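Quantities reported herein were computed from a predicted structural model and do not represent experimental measurements.
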Amino acid sequence: MCGIVGYLGPQNPKDIIIQGLKKLEYRGYDSAGLAVFDQNTVKRVRAEGKLKNLEEKIKGETFTGHLGIGHTRWATHGVPSENNAHPHQAGKISLVHNGIIENYLEIREELKAAGAKIQSDTDSELVAHLVSQLYEQSQDLLGSVQKILSRLRGAFSILVIANDRPDELVAFKDGPPLVVGLGEKQNFVVSDVQAALAHTKNFVYLEDREIVAIKGADVKFYNSLGETINKPVITLNWSSEQIEKQGYSHFMLKEIYEQPGSLAATLAPHIVTLRARSEVQLFKVGFGSQPQQLESLNAEADWAQTQKILVQFEKIYIVACGTSFYAGSIGKYFIEQLAQISCEIDIASEFRYRQPVLNSKTLVLTISQSGETADTLAAIRLAKEKGAHTLSICNVKNSTIDREAHGHLYLNAGPEVGVASTKAFTSMVTLLNLFALALAKSRKLLSSQTEEEHIHALQQLPAQIEVVLGYDKYFAKAAEQLKAFKGFLYMGRGVNFPVAMEGALKLKELAYYHAEGYAAGEMKHGPLALIDEKMAIVMIVPDDNLFEKSVSNLEEAKARGGKIISVGTGENARLKSISDRYLSIPKAHWSTNPILATVPLQLMAFHLADSLGYDVDQPRNLAKSVTVE
Ligand code: F6R
């Protein structure tokens with residue numbers, strides 16, 4: 001979705017803005033622009049397409065001022081074009097906007113009737129006109145913003161400057177995130193901390209309908225009633241180096257390679273060694289209202305308290321979108337098998353509108369890498385309204401979902417920049433495994449043998465992933481031949497069924513192939529009709545209790561001419577003899593097979609897309625963080 005960077009300080013705003021927008025490129029966008037003070041007025045430059053087009057246009061331009069705003073646009077209202085690119089201007093006002101103004105039609109009519117000259121097809125420009133009308137009368141930028149806030153419906157984060165106020169920036173939000181970076185005599189307002197991380201580690205997260213007004217070095221926050229408020233400053237420990245490619249050709253490839261380390265980081269806080277034996281303990285689940293409160297609890301008290309809370313749930317709903325939904329789908333198997341609690345898995349955009357039965361015995365567990373996905377956030381709000389407990393699994397600490405859920409678990413996977421989720425997925429599956437164990441333990445359903453088996457399997461994962469990363473070289477070559485297929489049918493059973501869906505999603509979003517993920521047992525109920533020699537069948541068939549059944553499905557597909565790519569355990573001669581290509585994963589536990597099987601599928605999608613010349617880190621039409629419905 002759109003990226004926003006605002007800067008007020010002694011450095012050249014143009015450089016800070018371009019640098020910041022580059023850090024947000026991964027979010028996906030189709031045009032870019034900036035408005036920066038120059039000789040006591042605002043100079044605006046916009047360009048369709050990538051940031052390099054904007055950079056080309058501003059070459060040789062001077063910007064002498066110290067205040068500026070910049071934006072990368074992901075089109076919602078109006079086609080991607082220079083004219084629809086931000087910043088938008090009306091009168092003395094320049095503004096950038098992320099999100100959607102839902103009542104834009106009504107505002108447009110009103111502005112037209114009042115004689116406003118509307119230049120673009122966007123909803124964003126209308127906000128500039130509204131602010132401008134009030135600012136003309138009052139010459140009070142903050143007051144004008146405070147007044148128009150009640151007029152706006154929808155999801156938005158907005159930065160406003162006026163061309164006769166070279167040291168004043170006002171910003172507000174309702175929905176998409178907005179974060180204020182506090183630096184030495186310089187301040188930033190950004191849609192994602194990554195845009196300012198090179199300059200500061202101290203951030204203040206705006207809540208909905210709060211406003212920040214920055215005047216010179218003075219930063220003030222206001223609530224929706226116009227009262228000044230104090231906001232907590234959060235110091236992040238992410239470094240700006242973590243969001244560099246560090247020698248890899250793509251962020252996605254780097255993140256695939258980071259998985260041994262990211263999984264170890266997911267596991268570390270939750271496995272403790274007591275009396276020479278390892279145990280699962282979920283720390284910092286808490287269920288306090290503020291993440292900060294949890295930090296002060298000591299580990300043992302925290303775990304005892306957590307168990308008391310976990311034991312009361314009679315029903316669990318896992319709610320998420322996209323790749324996180326597929327991770328959650330694996331979690332359902334873990335929870336039902338280990339903890340014997342009925343668990344439903346829901347796509348967040350469906351959950352919020354289907355009137356799920358929720359009460360105080362229900363846990364709604366949301367999963368989100370970004371912690372900003374609009375539908376997932378709405379699910380948390382709905383669950384809280386209906387009196388259910390909410391627990392979030394997030395990668396980005398202090399994200400909106402993390403802040404709003406009662407309880408918190410973190411992936412600790414480090415920043416994920418590639419639009420296609422990779423290391424977050426494997427960390428989610430790992431954390432769900434631990435969560436199911438903790439749940440089973442709190443209900444006294446976990447034998448020490450099962451606990452040990454799971455922990456042992458999880459602890460082996462980093463080394464086992466190093467082995468499957470060897471498929472990088474394999475697919476770098478194989479991609480050339482795989483290109484010839486017209487479609488890909490991914491199949492699996494049990495915990496490996498969601499792996500099939502995740503594998504197919506990676507291929508469609510990166511290489512733009514038609515790919516489907518299916519439960520292998522469903523093949524005869526329709527998809528078998530698709531199979532011919534142009535169709536690749538990617539079957540996830542590790543050595544588990546469903547092996548024989550999956551092999552039968554594989555034989556059926558082969559008999560109809562399908563070309564078989566199978567993912568199996570070790571050197572399985574039987575699978576090899578049926579398969580056109582065989583991908584071997586190390587012998588593992590049923591609960592860790594899905595992670596090991598996912599890695600070669602990530603590499604396959606990466607190399608197919610790369611060999612076709614597609615932009616792997618920023619696939620067409622997609623955004624990393626989906627902050628609108
Ligand atoms: C696919 C992908 C998306 C996200 C989805 C949810 O590779 O990345 O499907 O998984 O948009 O995002 P989060 O996890 O941030 O809520």
Side-chain angles (χ1 to χ4, degrees), residues 256 259 426 460-461 463-504 506-507 511 513 515-521 523 527-528 530-590 592-608 611:
I256 290 174
Q259 289 176 110
T426 47
Q460 279 189 311
L461 269 176
Q464 291 177 322
I465 289 185
E466 298 283 1
V467 176
V468 283
L469 285 172
Y471 281 105
D472 183 14
K473 282 210 175 77
Y474 174 88
F475 281 115
K477 278 203 190 127
E480 278 308 311
Q481 283 120 46
L482 293 174
K483 274 187 206 164
F485 287 111
K486 72 162 193 261
F488 292 78
L489 193 55
Y490 287 69
M491 287 191 289
R493 280 175 178 264
V495 281
N496 296 301
F497 161 40
V499 174
M501 294 195 285
E502 168 60 6
K506 288 286 97 84
L507 197 68
Y513 272 97
E516 292 276 358
Y518 254 97
M523 206 172 62
L528 206 53
L530 287 171
I531 296 176
D532 61 19
E533 65 290 346
K534 289 292 222 182
M535 177 67 89
I537 313 295
V538 184
M539 178 73 98
I540 299 102
V541 52
D543 190 2
D544 62 14
N545 61 331
L546 294 166
F547 176 79
E548 287 301 333
K549 295 204 182 297
S550 302
V551 171
S552 307
N553 295 129
L554 216 46
E555 301 272 18
E556 288 156 9
K558 192 172 177 69
R560 274 127 192 118
K563 296 285 175 259
I564 311 293
I565 303 170
S566 62
V567 185
T569 305
E571 292 304 304
N572 190 312
R574 182 147 163 235
L575 270 181
K576 273 184 164 174
S577 69
I578 320 172
S579 308
D580 297 273
R581 290 179 183 274
Y582 176 68
L583 312 176
S584 158
I585 59 170
K587 178 142 189 66
H589 191 256
W590 66 267
T592 54
N593 278 332
I595 290 177
L596 293 171
T598 296
V599 177
L601 305 185
Q602 293 170 343
L603 289 163
M604 175 171 143
F606 171 85
H607 280 293
L608 256 167
S611 71

**Q** Would you name the heavy atoms of Asn593 and Ile585 that are closest together and state the gap between them?
**A**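 Minimum heavy-atom contact is OD1-CD1, 3.9 Å.
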**Q** Hey, does Glu502 have a side-chain heavy atom less than 4.5 Å from the side chain of Leu601?
**A**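 With C-beta onward as the side chain, the pair stays apart.
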**Q** To the nearest 0.5 angstrom, please state how far the NZ atom of Lys473 sits from the CG atom of Leu603.
**A**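 That separation rounds to 11.5 Å.
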**Q** So how far is it from Asn553 CG to Ile564 CD1, rounded to the nearest 0.5 Å?
**A**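 It is 10.0 Å, given to the nearest 0.5 Å.
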**Q** Closer than 4.0 angstrom, basic N to acidic O: yes or no for Glu480 and Lys483?
**A**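 Yes, Glu480 and Lys483 are salt-bridged.
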**Q** Does the pair Ile578 and Ser566 meet the rule for a side chain to side chain contact (heavy atoms under 4.5 Å, CB included), with working shown?
**A** CA-CA 9 Å; Ile578 320 172; Ser566 62; over 6 Å; no
**Q** For residues Ala500 and Gly492, report the shortest heavy-atom separation together with the two atoms involved.
**A**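 Heavy-atom minimum between the residues: CB-N, 3.8 Å.
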**Q** Would you say that Leu608 contacts Phe488 through its side chain, given a criterion of any heavy-atom pair below 4.5 Å between the two side chains?
**A**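 Side-chain contact under 4.5 Å: yes.
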**Q** Is the closest side-chain heavy-atom distance between Asp544 and Asn496 below 4.5 Å?
**A**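 Side-chain contact under 4.5 Å: yes.
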**Q** Give a yes or no on whether the backbone of Ile565 and the side-chain of Asp580 come within a donor-acceptor separation of less than 3.5 Å.
**A**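 No: the side chain of Asp580 does not pair with the backbone of Ile565.
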**Q** Is Glu516 reaching over with its side chain to a backbone N or O of Met491, donor-acceptor style, under 3.5 angstrom?
**A**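 Judged by distance alone, no pair lies under 3.5 Å.
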**Q** What distance separates Leu596 CG from Thr569 OG1, expressed to the nearest 0.5 Å?
**A**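 Separation between the atoms: 9.0 Å.
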**Q** Can you see which heavy atom on Val468 is nearest to which on Ser584, and at what distance?
**A**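 Where Val468 meets Ser584 most closely, the heavy atoms are CG1-O, 4.1 Å.
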**Q** Considering only heavy atoms from C-beta outward, does the side chain of Thr592 approach that of Gln460 to under 4.5 Å?
**A**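 A side-chain contact is absent here, since even the closest heavy-atom pair is not under 4.5 Å.
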**Q** Roughly how far apart are Ile537 CD1 and Tyr518 OH, rounded to 0.5 Å?
**A**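 Spacing of CD1 (Ile537) from OH (Tyr518) equals 12.0 Å.
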**Q** Do Val538 and Leu489 have side-chain heavy atoms sitting under 4.5 Å apart?
**A**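 Contact flag for Val538/Leu489 side chains = no.
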**Q** For residues Ile256 and Gln259, report the shortest heavy-atom separation together with the two atoms involved.
**A**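 Heavy atoms only, the tightest pair is O-NE2, 2.9 Å.
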**Q** Contact between Asn545 and Trp590 at the side-chain level, heavy atoms closer than 4.5 Å - yes or no?
**A**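 They are not in contact (no side-chain heavy atoms under 4.5 Å apart), so the answer is no.
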**Q** Could you tell me the separation between the CD atom of Glu571 and the OH atom of Tyr582, rounded to the nearest 0.5 Å?
**A**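 Glu571 atom CD to Tyr582 atom OH measures 6.5 Å (nearest 0.5 Å).
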**Q** Compare all side-chain heavy atoms of Val567 with those of Tyr490 and state whether any distance is below 4.5 angstrom.
**A**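 No; the side chains remain at least 4.5 Å from each other.
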**Q** For the residue pair Tyr471 and Phe475, does the interplanar ring angle fall in the parallel (under 30°), tilted (30 to 60°) or perpendicular (over 60°) class?
**A**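 Tilted: the ring planes of Tyr471 and Phe475 meet at 30° to 60°.
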**Q** Measure the CG-OG distance between Asn572 and Ser577 for me, rounded to the nearest 0.5 Å.
**A**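 Between atom CG of Asn572 and atom OG of Ser577 there are 8.5 Å.
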**Q** Would you indicate whether the side-chain heavy atoms of Arg581 and Gln481 approach each other to under 4.5 Å?
**A**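 Answer yes - side chains close enough.
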**Q** Quick one: salt bridge (charged side-chain N to carboxylate O under 4.0 Å, His left out) pairs with a partner in residues 556-566, sequence neighbours left out?
**A**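 Listed by first then second residue: Lys524-Glu556.
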**Q** State, to 0.1 Å, how close Ser550 and Arg493 come at their nearest heavy-atom pair, and which atoms those are.
**A**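 Shortest heavy-atom separation between Ser550 and Arg493 comes out as OG-CD, 3.4 Å.
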**Q** Please list, chain by chain and in numerical order, all residues satisfying side-chain contact (heavy atoms from CB on, under 4.5 Å) with Lys534, sequence neighbours excluded.
**A**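 Result, side-chain contact (heavy atoms from CB on, under 4.5 Å) vs Lys534: Lys486, Asp532.
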**Q** Please report the closest heavy-atom contact between Ala557 and Ile531, naming both atoms and the distance.
**A**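 Shortest heavy-atom contact: O-CG2, 3.7 Å.
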